[in-house]
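One structure below.
In what follows, chains carry the letters A, B, and so on, assigned in the order in which the sequence lines appear, proteins first and then strands, with residues in each chain numbered from 1.
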Amino acid sequence: MEENKEKTIKVYIMGKEHQVPEGLTIMKAIEYAGYKLVRGAGCRAGFCGACATVYRKANEYKLRVALACQTLAEDGMYLTEIPFVPANKAKYELEKIKPSPNIILQYYPEVARCVACNTCTKSCPQDLKVMDYIQAMKRGDIARAAELSFDCVQCGLCAARCPAEIVHYHAAQLARRLYGKYLAKPSPNLEKRIKEIEEGKYDEEIKRLKSMGLEEMKKRYMEQQKNAEKEEA
Amino acid sequence: MEMIRGYPDYMRESIEMVAKTREARAKETMRRLTLEERDEVLKNFHPDYKPDAKAEIRIGRSKGEKAPKEVVELLEAMPLIDESDVNLNQIDFDVDILIIGGGGAGTVAALWAYYSGVPIENILMCTKLRHGDANTMMAQGGIQAADRPEDSPAIHYLDVLGGGHFTNNPDLVEKLVMEAPKIIKWHEQLGVMYDKDENGNFIEISGGGTSRFRMHSAKDYTGMEIMRVLRDEFRNLGMRVLEFTSAVELLTDGNEVTGAVLFNMETKQYYVVRAKAVILATGGFGRLHIMGFPTTNHYGATGDGLVLAYRTGARLVDMDSVQYHPTGAAFPEPIVGLLITEKVRGLGAQVVNKYGKQFVFPLEPRDVEAASIIKECYSTENYVVTPTGLRGVWLDSPLIELLRGEGTVVKSLGAMYRMFHRFGIDMSQDPILTFPTLHYQNGGVAINVNAETDVKGLFACGEVAGGVHGKNRLMGNSLLDVNVFGKIAGISAAKYVKHKKSKGKLTLAHLDRYMKELKEAGIKSEKRAPMLLPDYRGKAVLSRKLDIVV
Amino acid sequence: MDIPYFPGCSLKSNTRYFEDSAREFFAELGINLVELPEWNCCGTVYSLTTDDIMRHIASVRNLVHAQELGKKLGTNKLMTLCAMCYNTLAQVNALARSRPDDLKTANEFIDDLPDYEAQVEVVHALSFLNENVSFEKVAKLAKRKLNGLRVAPYYGCLLVRPEHVKIDDREKPALMPKLFGLLGATVVDFPYSVECCGSYHTVNMKDVVVEKTRTIIGSARENGADAIVLSCPLCEFNLDERQKDVRMKYPGFERMPVFYFTELLALAMGKKINMGAHYVSPENVLKKYGLV
């Protein structure tokens, strides 16, 4: 057995002490300790919220949050993953609703209970201004709620800790879809292009390309690449 | 070793050089490689061409073809179950369509099957992790669609073909590019928040190997934004998904696919599903760590769908080609291998070596770009070494601020900025270190323009399917692929089940055939497949493990 | 002149015209309402508890934002337009000043903002105009007279109760009468000026509000008024939109337009107001007095 001269640190996983090498992420530390994760690992890259973790640092009273896959394990960390939060999601037919100022309160009335305690913001591993987007919803500012909540990975920690039982990330999803569908303008080019395709404008050219010989295709391709659109300097 | 703004002090010298050359480089454009030059660098430096990278598949429909040896091991491995393990007479779910895989392709397929008239209770999706835990969620840079007047599906078509070394299935490429604008329109209607200007025009940028700006993105969370919306719509409709439930074997009546055996990974219970049609949307194989590379893929990307389909007699195409994303993170250690989106280069960042010098056009097609970076790191001394011995080159992200204004990085690359900021690095001020990482399965299960595999009753879409991208996929075409072929699979399967009056017999007869083939080929494998999840447990603990059931 | 300004939720969603008309008016006086860079809902009703510190956090946060902005602008005032926001913020401010221990707890809880030093002065726009500008000056700057518009100032509860935050006399309030008198309106006194509009009963006991509105509007009309002027979005909703429900129950009920005080001020400055934002259209009444 190769002698392990690596420096090790002590981490407490759900209360149990483990010695793990320094330099591992929390997720890798949990796996090093012998856990094969079924719940608690998703994309392993900070995009899916599967590995939301709550922890304390040694000798501190503060509760901190992190994504296990994107955070280094530290000596004395006292941690657990929270792989699931039972937050209720409202059902709606986006086609049938309007982006009126009170629409989000209609589907998520508990948003009105926000007392601005800011616990949700402190519980966000993405450092989003969660309370601010809830407040934006409260005053009917869908655009601001969509903007502030955009980077949300829906890990659920905000909803888990909110004293008003708000389900922030589900409400934010509604805000964003409302924005994308009703508040952002539709693309003028898209309609035109779809019509052209349906009218068969490109059929001939594609047919020609499909039946082209390899050498001719290569030539055309290299020319197309050479004449590629460039950024204006 | 002192750390200065996230980097060890010894790297600062190189970073200074990159900063010094930045202003001059802002006006510099590298020449693109000719087709011959592309082939040259690929042959000499792309991991696919290493002599021991591939093995020959010895059984099945694609016998004789080459594939990465890690994949061949699974294709020739022992099944997880046999007839004695399961009672196929007790059917747990009896549906029209079973969708295996809960990522982009699977969700799109489910929605379009519903739109095509299949009742919700007759559609069942299963996924080995949570709904949405997939490579789709992690896709960053964009989705291609030729919707600008200066662009056309024909130009897109040729780009796709050229990027794929002209080995793509032309019919599939035609579908991909012609359906693209409709997919974007559908997304608009669903409320996807693409980057737009105040008039509603999409902000479209360039991608590797694209000759027009046609990358639609939502900051650098494009996949996440699309996946969130698709998943929300799926949930609004009350569609059914079984999470933490893998498919461990398909079921056939000897010829056609008639269902699957699912495995609840938490309770260890198995479910027998009878289905008129099965749609495979199982995604990629990054967690096989081909050639020992780290990967950008999610935890469950273990190529299960390939194994399942292959055993029923499906054909595979282009398995000899693996996509290594040119820019995986190379430092710091905790994020090694994670994706640095191509959008960073699309916005203007250049790839430079230790001395701050460009050595390759930043937006070559991915295989060429990756090979060029490997070339710089392994046939020259112009690379940077990390404290753990990895080699890399710089991606000059601060150049983006110079070209497009201060604040662009934070605004347009929020995910990337955040990823590095968590480790003390400000990528708007300092360049980031990069090296290729295992990223995408270019080939896969062969499908036709209706997303049908060679096996009746079995459809496939998304990364698990092959033929769309040929030997190399372009940026932004995977998000497009999962939508276009997910939609086609959903519609196609819906049509198929409408005409199918009876449901088939559920047997593992195809397994008998498979085992026979293994025996005849003299293959005795210790491995079992599908893999379901990779094992990252510490060796120390594993060496002291007891198999006691509690 | 710059003054920190707290809009409140309603003025940003359902009653934008209250703020819009205020901005138009104050611009004529050279006063810039600087919206707090960050703010949250004042908390309204639940912030009126006295023993639940958590319910005051929302208001204290706003007071901290006002404090910090005020330091930059060289003032300790925070202006509000909405009577409910005024009342809530003023009451919490009073608690913060009279209960230093509770304030300390609140400050310790809000660990992401500077401590609240309890020095902000919450002012309602009417008080501000009276004390810092003077109604006479407003009248002098007016571009037109209100041509004898017969208007009944309605105060409701929150501008005159409780005692320690009121901005005007609670038996016979004088601010709006004086202001609009100087601007050339005919101010109508009526007995229900400080009567509660029914407030949040409008949500689940609509009939309470229907009766109140009938009484209040009816009384104003009896005393000769053609319009109501007020300062609270909830009162406005109850007295304006709910006239529809009054007419359904009492078909003979005659409608009366309801103005935010800032709308009349904007009119006096020669500005146009947003007619369409009202439920009961003020067009006919304004035409009658040549104010269109």
Taking the cut-offs as 6.0 angstrom to the six-membered ring centre and 45 degrees off its axis, would you call B/Arg418 and A/Phe150 a cation-pi pair?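 That pair does not qualify as a cation-pi contact.
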If I measure from the heavy atoms of chain B, does [X] come under 4.5 Å with its side chain, its backbone, both, or neither?
X: A/Lys201; value: neither
X: A/Gln126; value: both
X: A/Lys89; value: side chain
X: A/Ala146; value: both
X: A/Arg193; value: side chain
X: A/Glu93; value: neither
X: A/Met222; value: side chain

Between [X] (side chain only) and [Y] (backbone N and O only), is there a donor and an acceptor less than 3.5 Å apart?
X: B/Arg228; Y: A/Cys152; answer: yes
X: B/Arg212; Y: A/Ala228; answer: no
X: A/Gln173; Y: B/Asp232; answer: no
X: B/Arg130; Y: A/Cys48; answer: yes
X: A/Glu229; Y: B/Phe213; answer: yes
X: A/Asn189; Y: B/Arg148; answer: no
X: B/Glu188; Y: A/Ser187; answer: yes
X: A/Gln225; Y: B/Gly209; answer: yes
X: A/Lys181; Y: B/Gln189; answer: yes

Pairs of heavy atoms under 4.5 Å with chain A: top-ranked of [options]:
options: B/Leu532, B/Leu533, B/Thr34, B/Val173; value: B/Leu533
options: B/Gly132, B/Ala134, B/Ala146; value: B/Ala146
options: B/Glu198, B/Met137, B/Met419, B/Lys185; value: B/Lys185
options: B/His298, B/Glu333, B/Lys128; value: B/His298

Does the side chain of [X] reach to within under 4.5 Å of the side chain of [Y], using non-hydrogen atoms?
X: A/Leu37; Y: B/Tyr536; answer: no
X: B/Met224; Y: A/Val153; answer: yes
X: A/His170; Y: B/Arg235; answer: yes
X: A/Tyr221; Y: B/Phe166; answer: yes
X: A/Arg177; Y: B/Asn236; answer: yes
X: A/Lys226; Y: B/Arg32; answer: no

Quick one: do A/Arg39 and B/Leu129 satisfy side-chain contact (heavy atoms from CB on, under 4.5 Å)? Show the steps, please. CA-CA 7 Å; A/Arg39 290 222 183 230; B/Leu129 297 173; over 6 Å; no
Decide whether A/Lys185 and B/Asn201 meet the rule of one side-chain donor and one side-chain acceptor closer than 3.5 Å.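 Absent: no donor and acceptor within the cut-off.
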